[in-house]
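Computed from a prediction, not measured in an experiment: that's the story for all the values here. Along the sequence shown, residues are numbered consecutively beginning with 1.
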Amino acid sequence: MAISSMRSSLPPLLCLCISFFAIVGADDPYRFFNWNVTYGTIYPLGLPQQGILINGQFPGPDIHSVTNDNIIINVFNSLDEPFLLSWNGIQQRRNSYEDGVYGTTCPIPPGKNFTYILQMKDQIGSFYYFPSLGFHKAAGGFGGIRILSRPRIPVPFPDPAGDYTVLIGDWYQANHTTLRAQLDNGSMLPLPDGILINGRGPNRTAPFNVEQGKTYRLRISNVGLQSSLNFRIQGHRLKVVEVEGTHSLQTEFSSLDIHVGQSYSVLVTADQPAQDFYIVVSSRFTTPILTTTTILRYANSAGSVQGPPPGGPTIQIDWSLNQARAIRTNLTASGPRPNPQGSYHYGLITTTKTIVLSNSAGLVNGKQRYAVNSVSFIPADTPLKVADFFKIGGVFRVGSISDWPNGAGIYEDTSVMGADYRAFVEIVFQNNEDLIQSWHLDGYSFFVVGMDGGQWTSNSRNQYNLRDAIARCTTQVYPKSWTAIYVALDNVGMWNLRSEFWARQYLGQQFYLRVYTPSTSLRDEYPIPKNALLCGRATGRRTRPL
């Protein structure tokens, strides 16, 4: 998708951009986007329903960028309710105000606009954006983000003949307001109605066109609401080359599990006879199995697809676990900078703290809720980061969630965990439930050092990968299992740590990690943006003194 220029809107933004570039440095290129968010009728599963469109598109337009680019996105909210966009995997270095979740950013009121100012600082890879409020994600409003390496930074594979965004995800036929009302009434959602590829259901997606003998890059993101998905192409191998901003060892698979919220880049070589082949996406660990297909079409194709769509794994956990362990970092490849990715020896750093997080489900006042370490998150009346900046008391309390499970029953609170800037922490996700979990941490990339079945103990560290664990921002935790990560807390801010199972996130399986330093230096954190929307108890305050 070509990058749209917003020249007609430049004058109102000029002062804003000048002040921004004074902080980030005007040497880095910048790109302008102008987006109008509306409702529209869409037909993802063949029947009409209300969707959320960006500039009339579902899914929304791709963002194409290069490492360190400054991205200016003017978003007009033409919906009838408040709206926010968040940027899954974009680290918002020193600037959690732009993260676009309710704990950091005031929503855009209906009929108003807000200009996001992002920098793709020291990042490469494949990500996506999505609407973070009001269960809007069930209506669309999502799109792909790609960050290319700078011209002089080597990439560990030749330029592909084509580069495709592939957004996969489960989907409900019901309107997002209906789903939201079910959750608000304390009910659980049923199994989704289908699986989409780039916003279309079975055999409704435009074919992916290839030429025989050439290699193509597919940037695959699971933008759905809850389902882990398996991706495969009939008669072709998938070579994984990048995982959420990290160049991986180039391992080939016949199919790939992509859990909700995750992103991968794979290379596919068109090395088969010139005809059509099935692309298949199916759900994992569900009954029944949901499946959708589209076509990989060779130029001068001699015929349509032959035989049934290829089968894939269904409920096998060990298959998925072994694949996850095989996905590792390419230590000799450059990342966003010319130095090799393996030059950061995370396995030699002593952790300063261990945090154990246990998810749970239960009823609170007769309604379904989900929790982390017994606390089910409820939003405050003011975004937490905004309240923190203005030192507004009574909005949240640091330490309102423990850093270790305490076995208590589920209760509701605005849960915020404190952490020190530049700490190096171990986080263990303990899943005692029968459902697979998927966890995401905004603002960071972390090393997935271990995962296994059963209960985590200190002896579990003996099996950690301390050499070439993959670095990413979203990780799965299998049923009755644990996953451990290492993360260097080098990004000051208020960061959302959440379930990517969206109904669970909506009903409380999330909290905020406040990474704090008493320093007020711009080297550590940017001030609140001059154009920041102010709401709740911050209404009427000023982002800068007169």
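Of the N and O atoms on the side chains of N496 and R498, at least one donor lies less than 3.5 Å from an acceptor on the other residue. In this structure, a donor-acceptor pair under 3.5 Å is absent between the side chains of R146 and S65.
In this structure a side-chain-to-backbone donor-acceptor pair under 3.5 Å is missing from Q476 to Y478.
Contacts of R204 classified as side chain to side chain contact (heavy atoms under 4.5 Å, CB included), with partners at least two apart in sequence or in another chain: Y43, R200. A search for ring pair (Phe, Tyr, Trp, His ring centres under 6.0 Å) contacts involving F277 returns H236, Y298, not counting sequence neighbours. In this view, Y464 and Y486 satisfy the ring pair (Phe, Tyr, Trp, His ring centres under 6.0 Å) rule, not counting sequence neighbours.
The number of heavy atoms from other shown groups lying within 6.0 Å of CG (N322) is above 12. In N462, the CG atom is crowded: over 12 heavy atoms of neighbouring residues, nucleotides or ligands sit closer than 6.0 Å. Within 6.0 Å of the CG atom in L191, the count of heavy atoms belonging to other residues, nucleotides or ligands exceeds 12.
Distance check: I145 CD1 to M120 CE gives 5.0 Å after rounding to the nearest 0.5 Å. From T483, atom OG1 reaches atom CG of L357 across 11.5 Å, with rounding to the nearest 0.5 Å. Annotation: the span from R337 atom CZ to I153 atom CD1 amounts to 9.5 Å, rounded to 0.5 Å. Note that the OG atom of S301 and the CD atom of Q212 stand 10.5 Å from one another [nearest 0.5 Å].
Here R297 pairs with D276 in a salt bridge; the nearest charged N to carboxylate O distance falls below 4.0 Å.
In this structure, Y512 and F377 have tilted ring planes: the angle between them lies in the 30° to 60° band. Between Y116 and W87, the ring planes are perpendicular. Angles over 60° get that label, and only those under 30° would be called parallel. Taking the six-membered ring where the residue is Trp, Y128 and F130 present tilted rings, their angle falling between 30° and 60°.
Just one of R514, R93, K385 meets the salt bridge (charged side-chain N to carboxylate O under 4.0 Å, His left out) condition when paired with E525; it is K385. Under the ring pair (Phe, Tyr, Trp, His ring centres under 6.0 Å) test applied with Y346, the options F424, F447, F446 reduce to a single match, F447.
The distance between the ring centers of F501 and W439 does not fall below 6.0 angstrom. Taking the six-membered ring for Trp, W495 and F511 have ring centres at least 6.0 Å apart.
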(Q) Using the rule given for side-chain contact (heavy atoms from CB on, under 4.5 Å), can you reason through L256 versus N230, listing the C-alpha separation, both sets of side-chain angles and the distance that settles it, and then say yes or no? (A) CA-CA 5 Å; L256 182 64; N230 181 266; 5.6 Å; no
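Both tests do not hold together for K137 against F142: distance to the six-membered ring centre under 6.0 Å, angle to the ring axis within 45°.
The heavy-atom pair separating V487 from I427 by the smallest distance is CG1-CD1, 4.0 Å.
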